[in-house]
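Indexing begins at 1, ligand by ligand and atom by atom, following the structure's order. In this chain, numbering begins with 1 at the start of the sequence shown.
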Amino acid sequence: MAWSYATHYSCDNCGEVYDLNQPLNTCPQCGGLLEIHYDLDKMKLELRPEQFAGREPSMWRWHEFYPLRSASHMISLGEGGTPLIPSVYAGPKLGLDRLYFKNDALMPTGSFKDRGFSLAVSFAKELGITRGLTYSSGNAGASFAAYAKRAGMHAAVLVEYLANPVKKSIIELYGADTATLYFDSMTEITDMLEQAVTNLGLYQFVNFINPVRHEAMKGYAYEISQLMDWAAPDVMIHPVGTGGGIWGAWKGFRELQQLGWISSLPRMVAVQPSATAPIPRAFRQGLTRAERHGDTSKTIAQSIAADSPIQGGTRVLRAVYDSGGFAEEVTDEEILEAMQWLGNEGICAEPASASTVAALKRAVAEGRIQSGESVVCVITGSGLKQPGAIQQTVTESPLRLNASYPELRELLSKLWG
Ligand SMILES: *Cc1c(COP(=O)(O)O)cnc(C)c1O
Ligand SMILES: [Zn+2]
């Protein structure tokens with residue numbers, strides 16, 4: 001039995017294949033996006049779902065499904081293996097009996113980005129990479145910085161000027177070199193990075209330009225399916241920036257189906273804020289490529305404020321169409337309400353993550369999701385890193401109390417009768 005069953009990269013665009021022992025970003029021939037492949041036939045013969053149950057509950061439980069070759073290069077802080085929490089508030093409110101939250105806010109640096117960076121940094125280290133670059137609205141930078149530091153790698157993080165100060169400080173706390181990044185459209189960023197790949201050979205950690213990060217997001221599929229006794233949910237809702245999360249999850253579910261470990265696939269739902277909703281817009285028009293759309297400064301959902309989808313958002317749209325899913329846009333108002341709903345579940349989510357619950361509410365109203373269906377909303381990041389947004393969702397209690405028992409008794413009878 002192999003530690004990894006990964007076999008090669010192939011290019012989405014020209015089909016060229018490449019050996020995995022080179023640290024590639026985009027296709028050296030044509031600049032297309034690379035995808036990693038696995039020997040699924042061999043995996044089907046050699047692996048059984050039961051054998052994964054006893055392993056440590058982190059994303060590395062599934063190492064056979066990732067491209068890292070040796071455990072000795074693994075850079076891990078205990079990422080993945082997050083709980084699937086049944087809803088006690090939103091579900092009953094929307095008439096859904098089987099609504100779950102996959103709570104990745106519990107990750108080491110507070111967001112699901114840790115899955116991708118644990119794997120991508122480990123993989124880069126295994127291939128001898130000592131320097132890397134990414135841009136970030138906050139969470140990716142924090143995660144990259146933490147894992148790169150542990151790997152002894154120089155990390156440069158270009159922090160978008162819209163990122164909130166707490167996230168910026170966290171990136172510096174983890175020891176990355178940072179610069180604030182100004183831009184009009186995200187197309188400028190991807191153009192700049194593509195030139196850096198071509199001219200400097202600089203290894204990059206931006207989703208999809210880096211072909212490894214989204215491989216780790218397949219872990220959602222493995223973890224959720226295992227927790228559901230080897231069945232997929234009917235619907236999976238994921239917030240979309242670049243689309244690494246939703247694409248990785250979709251790839252993971254397809255692998256499990258090919259292995260025969262699950263018999264059906266979920267409908268994948270992509271969510272973006274109305275202020276920048278290129279994917280929902282393309283979906284409504286039935287297009288397979290999304291055009292630049294919107295203004296990234298006009299939403300509180302910073303982590304998914306993306307106006308220019310990488311390579312036209314083709315992977316995200318494929319996941320949506322091929323799964324029979326759909327794309328939703330949601331307003332900041334709906335997101336703030338969803339944050340309150342999640343508060344009632346005991347979950348403190350950042351706006352980008354709460355967008356999944358806002359989208360669910362819309363989808364139920366539109367009849368796209370039925371009451372008997374099982375639904376998973378991924379909570380991708382913790383609200384603790386965006387405290388300003390949390391403050392926006394609540395009004396401070398005007399009640400005051402002097403520390404005396406009679407006053408306490410009076411207060412409680414006022415509150416509870
Ligand atoms: C990055 C991020 C997303 C979007 O993920 P992509 O893989 O870029 O689509 C969603 N939610 C949070 C909290 C994030 O940090
Ligand atoms: Zn190519």
Side-chain angles (χ1 to χ4, degrees), residues 9-18 24-35 102-107 109-117 120 134-144 160 163-164 167 170-171 186 190 205-211 213-218 220 237-251 268-273 276 278-279 299-306 308-311 313 315-317 319-320 327 335 339 342 347-357 359 377-386 389:
Y9 304 101
S10 76
C11 173
D12 272 12
N13 193 35
C14 72
E16 187 67 35
V17 300
Y18 300 97
L24 296 178
N25 279 138
T26 49
C27 174
Q29 301 274 347
C30 78
L33 300 183
L34 297 180
E35 195 66 83
K102 178 67 172 158
N103 193 5
D104 268 27
L106 299 177
M107 290 279 192
T109 77
S111 86
F112 86 110
K113 297 293 198 300
D114 292 343
R115 295 179 188 271
F117 281 104
T134 197
Y135 74 86
S136 174
S137 64
N139 290 336
S143 184
F144 178 40
E160 293 170 19
N164 79 59
K167 286 184 176 171
I170 292 173
I171 296 170
M186 297 182 102
T190 39
F205 287 86
V206 175
N207 256 337
F208 294 155
I209 294 175
N210 182 295
R213 266 180 64 191
H214 69 267
E215 289 301 301
M217 261 62 92
K218 298 188 300 181
Y220 285 139
I237 308 181
H238 203 292
V240 169
T242 60
I246 195 170
W247 177 249
W250 175 236
K251 187 174 177 182
M268 305 299 289
V269 179
V271 189
Q272 293 192 309
T276 56
I279 299 289
T299 174
I300 49 165
Q302 294 166 345
S303 302
I304 50 172
S308 315
I310 290 176
Q311 303 224 354
R315 283 181 171 172
V316 179
L317 287 164
V320 167
I335 290 174
M339 288 172 72
L342 283 166
I347 294 171
C348 177
E350 70 162 64
S353 309
S355 74
T356 56
V357 175
C377 289
V378 183
I379 305 304
T380 45
S382 167
L384 297 178
K385 279 203 247 169
Q386 208 177 328

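When every heavy atom of Gly313 is checked against every heavy atom of Pro309, the shortest pair comes out as N-CB, 3.3 Å.
Ligand 1 places these atoms under 4.0 Å from at least one heavy atom of Thr242: 6 (P), 7 (O), 8 (O), 9 (O). Counting atoms of ligand 1 from 1 in the listed order, those under 4.0 Å from a heavy atom of Gly381 are 13 (C). Those atoms of ligand 1 that come under 4.0 Å of a heavy atom in Gly244, given as number and element, are 6 (P), 7 (O), 9 (O). Close contacts between ligand 1 and Gly241 involve ligand atoms 4 (C), 6 (P), 8 (O), 9 (O) [criterion: under 4.0 Å to a heavy atom]. Here is the list of ligand 1 atoms found below 4.0 Å of a heavy atom in Ile304: 3 (C), 4 (C), 10 (C).
Here the CG-CD1 distance, from Asn164 to Ile300, works out to 11.5 Å after rounding to the nearest 0.5 Å.
Residue-to-ligand polar distances place Thr380 within reach of ligand 1: an N/O pair is separated by less than 3.5 Å. Taking any N or O of Glu350, backbone or side chain, none lies under 3.5 Å from an N or O belonging to ligand 1. Below 3.5 Å of separation, one finds an N or O of Gly245 facing an N or O of ligand 1. Residue Asn139 has at least one nitrogen or oxygen atom sitting less than 3.5 Å from a nitrogen or oxygen atom of ligand 1, judged on distance alone. For a threshold of 3.5 Å applied to N or O pairs, the pair formed by Val240 and ligand 1 contains no separation below that value. For ligand 1, none of its N or O atoms has an N or O atom of Ala352 under 3.5 Å away. Not a single N or O atom of Ser111, backbone or side chain, sits closer than 3.5 Å to an N or O atom of ligand 1.
Under the 30°/60° scheme for interplanar angles, the aromatic rings of Tyr220 and Phe112 are found to lie parallel.
Residue His238 does not touch ligand 1, judged by heavy-atom distances below 4.0 Å. Looking at Ile246 against ligand 1, nothing comes within 4.0 Å, counting heavy atoms.
With no hydrogens or angles considered, no side-chain donor-acceptor pair links Glu350 and Ser382 at under 3.5 Å.
Remark: side-chain polar atoms of Ser136 are paired, donor with acceptor, to backbone N or O of Gly141 under 3.5 angstrom.
Ionic pairing of Asp104 and Arg115 is present here: one or more N-O contacts between side-chain nitrogen and carboxylate oxygen are shorter than 4.0 angstrom.
Geometry note: the Zn ion (ligand 2) is the vertex, Cys27 SG and Cys11 SG are the arms, and the angle is 110° (rounded to 10 degrees).
In this structure, Trp247 has no heavy atom closer than 4.0 Å to ligand 1. The closest approach between Gly243 and ligand 1 falls below 4.0 Å for a heavy atom of the residue.
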